[in-house]
Amino acid sequence: MAPRSAWSPFRHPVYRVLWTAQLGSNIGTWMQLVGAQWLMGTLGGSIALVAAIQTAMTLPVVLLAMPGGAIGDVFDRRKVLIVSQSFMLACAGGLALVSATGVASPGAILALTFALGAGQAVQLPCWQAVQPELVDREEIPQASALAGISMNIARAVGPALGGVAVALAGPSMCFALNAVSFAVVTTVTWRWRRHTPERPLGAEHMGSAIRAGLRYVRSSPRIRAVLARGAIFVSCASAVWALLPSLARDRLDLGASGYGLLLGLVGLGAVLGAFGLPRLRRRFTTNQIVTTSSLTAAVATTVIGLSSSVLPVGAALLLSGASWIGVLASLNASAQLALPGWVRARGMSVYLTTFFGGQAIGGLLWGVVAQHTGLGPAMLIVAATLAIGSLATFVFPLAQSSGVDLSPADEDLPAPELALDREPAHGPVLVTVEYMVAAENHEAFREALARRGRARRRSGAERWSLYQDAVDPDRFVETFVVPTWEEHLRQHTERHTALDVRQRDEAMALVKEGTEPVIEHLLYAYDSR
């Protein structure tokens, strides 16, 4: 049973220290955003240039998260975190320097902000991937919720602290404090002594690592469901973030402090929602929590669209924040639990790309809608879309993670010996496995091998098929193609999980007694094309 406390991950010292340092870094990032936008305005930048600061910060994550995830899987994640944080420290320090010396220009601000975003694109999937290493498996949902709390505390506190820093010492102070936050995270990560998994075949090549990550996501129904549900929710719910400044100014007649208060209510709602998630998980499935949270967000958005008074809008924003954390913490935990260690950073990079891309597209889309229909009608359209989107639970149901063990298999698969001398990059490789199955087990065997086929594709196979002999119906032949011989060896040595062992044993239990599978490895020799 899952731990009762939302704070249970904090009992692990390394997680506690890294989470605290990450909270400081998140706050520094929001201070950085305020300082950069203010500095751009003082330099005479247009409204478009000021808005471009946000784009320069988030666009690199959308563009570079997948290579960043591959880096996090190919290299030691602790070292990747240290290097990426040090790089962002240098970028923040550069912004502080050009701001303090008066040589800042719009181009320099955008370039250094984009560089910071590129560092985030490498750091974020790696940070997501190490969390399951720091807590127990049943605590991963709580750790995901605490990550959401960190982001929302930073979202509520960071802009306010950034405004104070600008008022007291100018934008350079925001940049300097952000650099200090990166220095703290770098120091804490440096002191962490991580257990590095063994890699008998060495590091993967970046190109093949990216392809392997995309192949895993494409072949995993559990991950595809998480991505679909996340894209639907975030692209709609992001309308609240995108339209809230206009709502505060134009409908509620609030100033900057009032807008900050509304933003803080969303963050407070998320924090309160995170506290309630462990109790909800004991009573409801992940699927039910995500669906109910989506419908709750639709109700909150309806209230925001219909009301022109601060009190009901504030209450609805609390509800919206709780719904936001309910969906995203659940989806984040589901994604982490559905990914084995060897591909976790790559899988989480696809999740982050979906998240940030959904926010970017959603913000732009609903801004255009609001421009043509007005804020109230736009919010009502968002609410209706959220309600309709909750029906995705029937098309993309989220699987429960209990009983799914993706830890590395205890046993090693013997690597096949070759009579031919081939380079590791030689391919493709055709693998055939012949089974003998009694007639009464044919249907069950097909179902068991279909599950094995999905596992083969996740771990490296490009194509998979199962054939039945028309002359001898008890004879089944499984075939799959792997891009290179090295990829097939990685299937044997690095990518074999406890779930794979269980599924193999289930299939083998249906094979005729006294028979063994006959395995053949065929190396590419000639293609008539």
Side-chain angles (χ1 to χ4, degrees), residues 7 9-10 15-39 53-54 56-58 61 81 84-96 99 112-113 115-117 119-121 123-124 126-128 131 143-189 241 244 256-257 259-274 321 324-325 328-329 332 352 355-356 359:
W7 304 101
F10 283 147
Y15 177 86
R16 184 170 62 245
V17 172
L18 282 174
W19 184 91
T20 304
Q22 195 67 30
L23 172 62
S25 180
N26 291 336
I27 292 173
T29 297
W30 280 97
M31 294 178 66
Q32 148 89 29
L33 184 63
V34 170
Q37 289 176 330
W38 187 266
L39 179 59
I53 295 292
Q54 177 74 32
M57 197 70 186
T58 57
V61 179
L81 287 172
S84 60
Q85 294 285 344
S86 300
F87 175 75
M88 290 188 286
L89 187 159
C91 294
L95 274 168
S99 175
L112 287 169
T113 302
L116 267 167
Q120 285 276 73
Q123 179 262 343
L124 280 174
C126 201
W127 167 243
Q128 294 280 344
Q131 288 189 67
S144 296
L146 288 172
I149 287 177
S150 172
M151 291 298 297
N152 282 282
I153 290 175
R155 193 191 300 269
V157 174
L161 292 179
V164 171
V166 170
L168 292 177
S172 59
M173 177 59 70
C174 291
F175 308 141
L177 291 175
N178 193 31
V180 169
S181 75
F182 290 135
V184 171
V185 177
T186 302
T187 302
V188 170
T189 309
W241 303 106
L244 191 58
S257 59
Y259 166 62
L261 175 62
L262 294 182
L263 201 61
L265 288 173
V266 181
L268 177 60
V271 172
L272 295 175
W324 180 269
I325 199 69
L328 294 188
N332 187 288
L352 290 168
F355 176 77
F356 280 93
Q359 277 193 306

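Quick note: numbers below take in every heavy atom, side chains included, and nothing from hydrogens, waters or symmetry partners. Predicted model only: the values in this text are computed from it and were never measured. Sequence positions, counted from 1, serve as the residue numbers for this chain.
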Would you name the heavy atoms of [X] and [Y] that are closest together and state the gap between them?
X	Y	answer
L112	G94	CD1-C, 3.9 Å
A154	L23	N-CD1, 4.5 Å
Q120	M88	N-SD, 3.5 Å
V166	G35	CG2-CA, 4.2 Å

Is there side-chain contact between [X] and [Y], with heavy atoms separated by less than 4.5 Å?
X	Y	answer
Q128	L352	yes
L146	W7	yes
L124	F356	yes

Inset, instruction - Using the test side-chain contact (heavy atoms from CB on, under 4.5 Å), find all partners of F87 that sit at least two apart in sequence or belong to another chain. - result: C91, A115
Legend entry - Any residue meeting side-chain contact (heavy atoms from CB on, under 4.5 Å) with A96, in chain and number order, not counting sequence neighbours: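 Scan of A96 (side-chain contact (heavy atoms from CB on, under 4.5 Å), adjacent residues dropped) gives F175, A176.
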Legend entry - Rounded distance [0.5 Å steps], CG in L18 versus OG in S25: 11.5 Å
Inset, instruction - Kindly compute the distance separating CD1 (I27) from CD (Q22), expressed to the nearest 0.5 Å. - result: 11.0 Å
Legend entry - side chain to side chain contact (heavy atoms under 4.5 Å, CB included) assessment of F355 paired with N332: CA-CA 10 Å; F355 176 77; N332 187 288; over 6 Å; no
Inset, instruction - Kindly assign one of parallel, tilted or perpendicular to the pair W127 and Y15, based on the angle between their ring planes and the thresholds 30° and 60°. - result: parallel
Which atom pairs, one a donor and one an acceptor, fall under 3.5 Å between side chains of residues 177-189 and the rest of the protein, sequence neighbours left out?
| from | atom 1 | to | atom 2 | distance (Å) |
| --- | --- | --- | --- | --- |
| N178 | OD1 | T29 | N | 3.3 |
| N178 | OD1 | S181 | OG | 3.3 |
| N178 | ND2 | Q32 | OE1 | 3.3 |
| S181 | OG | N178 | O | 2.6 |
| T186 | OG1 | F182 | O | 2.8 |
| T187 | OG1 | A183 | O | 2.8 |
| T189 | OG1 | V185 | O | 2.7 |

